[in-house]
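Quick note: numbers below take in every heavy atom, side chains included, and nothing from hydrogens, waters or symmetry partners.
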Amino acid sequence: MRILHTADWHLGKTLEGRSRLNEQAEFLDELHEIVEKEKIDVVLMAGDAFDTVNPPAAAEALFYESISRLSDKGKRPVIVIAGNHDNPDRLSAASPLATEQGIHLIGYPTTNVLTITVPKTNETMKLIALAYPSEARLEEVLANEFDERLLRDQYDEKICDLFQYMSGKFEEETVNIAMSHLYVAGGASTDSERPIEVGGAYTVRATSLPKEAQYVALGHLHRPQDVKKALTKARYSGSPLAYSFSEAGYTKSVTIIDVKPGEEANISEVYLSSGKPLVKWKAKEGIQQVYRWLEEGKDANAWIDLEIHLTNNLSIEEIHRLRKWHEGFIHIRPVFVHEEKTTSKRRQENLPIDEIFKRFYAKQTGGAEPEQELVQLFLDLISEEEVLEGESS
């Protein structure tokens, strides 16, 4: 049996107001191609199909169209669980229609273990499909008072007990898989995940994942990674696109699991090429270096976080010019060059008045140097003030 594990699509998510829906559609086209080329028998989607509990209509349309295409009219089972970003009621609302196509949409955590018949291999999968298990969605208060350590232990114990109970329904002649949307302690996170651990309280120990499962498919962390210290093979497939600049340079992928009943699973990755990369530019040589990169066509199809070293503020016209030249600029952050501190510090009251003004201006603007016209205007105002004081005395 060949299983594809994916997660954290976050359909409808934007990047500082920039739509990513076209990139997400490209990924789902690529995913369909992978599923066909790799002869995938089952698709597991481990939560966060959407980015918000009230996703745009276009994002929902893309989701349902894509999972319908993946299922190939019921020939390939597709199982989707809700993540912390998803509305569990909204996700599972289409279940009566979806089930007819071999699609299982699971909104709330339950102790039900799915029995999935896989037509292409004539095998059966037993699947623990534990949707995001928050206290609210479990409808259970785990601690009467907020004590982080107590809540963490109670939460971990609860999830461990759920896995242990459901693992008891595994069978020797079936492929036995678990899937959930959790934060496992020790995982490498990024800036684009909405925290679910509440300062460390909603975390699960790696050893609490069900060792009876041949593989545990996880969602929530956006960086593809194996779960260390787990008692069985467990992995985050990661998000298909980079959703924050903290993910710049990450290679995105989906995970493929080859497994037979009673045998150890073999894990492999298929790397993704869809979507724009997120890159960071550090222009230590100033604005001219940025223009040189633009002329060279550097990162022409990317979203860019620009850090530019300056002595003066960029004008609004200059910022508009940069954004017009390359539509991918998301952040343009000036870093002002500070003068090196002299070894012998002079007392400020002994400095010329124009030097005092320049230092004050630099402090207020984060290091910018005032134009000479502005300095002269300040000196003229000081002179006028002195004249007025002399006339009144």
Salt-bridge contact Asp299-Lys276 (side-chain N to carboxylate O under 4.0 Å): no
Polar side chain donor-acceptor pair, Tyr250 to Arg223, under 3.5 angstrom: yes
According to side chain to side chain donor-acceptor pair (under 3.5 Å), who are the partners of Glu38, at least two apart in sequence or on a separate chain? Arg2
Check for a donor-acceptor pair, side chain of Tyr236 on one end and backbone N or O of Val184 on the other, with a separation under 3.5 Å. yes
Less than 4.0 Å between a side-chain N and a carboxylate O, is that true for Glu135 and Lys158? no
In plain terms, say whether Lys260 and Glu123 are close enough for a salt bridge, that is, a side-chain N and a carboxylate O under 4.0 Å apart. no
Any chance the side chains of His220 and Asp8 put a donor and an acceptor closer than 3.5 Å? no
Check ion pair Lys233-Asp226 (N to O, under 4.0 angstrom): no
Close aromatic pair by centroid cut-off 6.0 Å: Tyr291 and Trp325: yes
Identify whether the distance between the nearest side-chain nitrogen and carboxylate oxygen of Asp153 and Arg205 falls below 4.0 Å. yes
Just wondering, more than 12 heavy atoms not from Gln164 lying within 6.0 Å of its CD? no
Under 3.5 Å, is there a donor-acceptor pair between the Ser71 and Arg76 side chains? no
Please confirm whether Tyr215 and His5 have ring centers closer than 6.0 angstrom. yes
Is the number of heavy atoms from other residues, nucleotides or ligands within 6.0 Å of CD (Glu172) greater than 12? no
His85-Tyr132 aromatic ring centre distance below 6.0 Å: no
Of Asp258, Ile256, Val259, the residue whose pairing with Asn266 passes side chain to side chain contact (heavy atoms under 4.5 Å, CB included): Asp258
Aromatic contact between Phe329 and Trp281, with the criterion being ring centroids under 6.0 Å apart: yes or no? yes
Decide side-chain hydrogen bond (donor to acceptor under 3.5 Å, both in side chains) for Thr121 and Asp41; before the verdict, give the C-alpha distance in whole Å, the side-chain angles of both, and the deciding distance to 0.1 Å. CA-CA 8 Å; Thr121 64; Asp41 302 312; 5.1 Å; no
Name the residue from Glu23, Glu30, Glu33 that meets the side chain to side chain donor-acceptor pair (under 3.5 Å) definition with Ser274. Glu30
In terms of side-chain geometry, is the basic nitrogen of Lys126 or Glu173 positioned less than 4.0 Å from the acidic oxygen of its partner? no
Candidate list His222, Glu247, Glu269, test side chain to side chain donor-acceptor pair (under 3.5 Å), partner Lys252, passing option: Glu247
Whether the side chain of Ser92 engages the backbone of Ser95 through a donor-acceptor N/O pair (distance < 3.5 Å, no angle test) should be reported. no
Taking Phe50 as the starting point, is it possible to reach Leu31 by hopping between hydrophobic residues whose side chains are less than 4.5 Å apart? yes
Would you confirm whether Asn176, through its side chain, and Ala213, through its main-chain N or O, come within 3.5 Å as a donor-acceptor pair? no
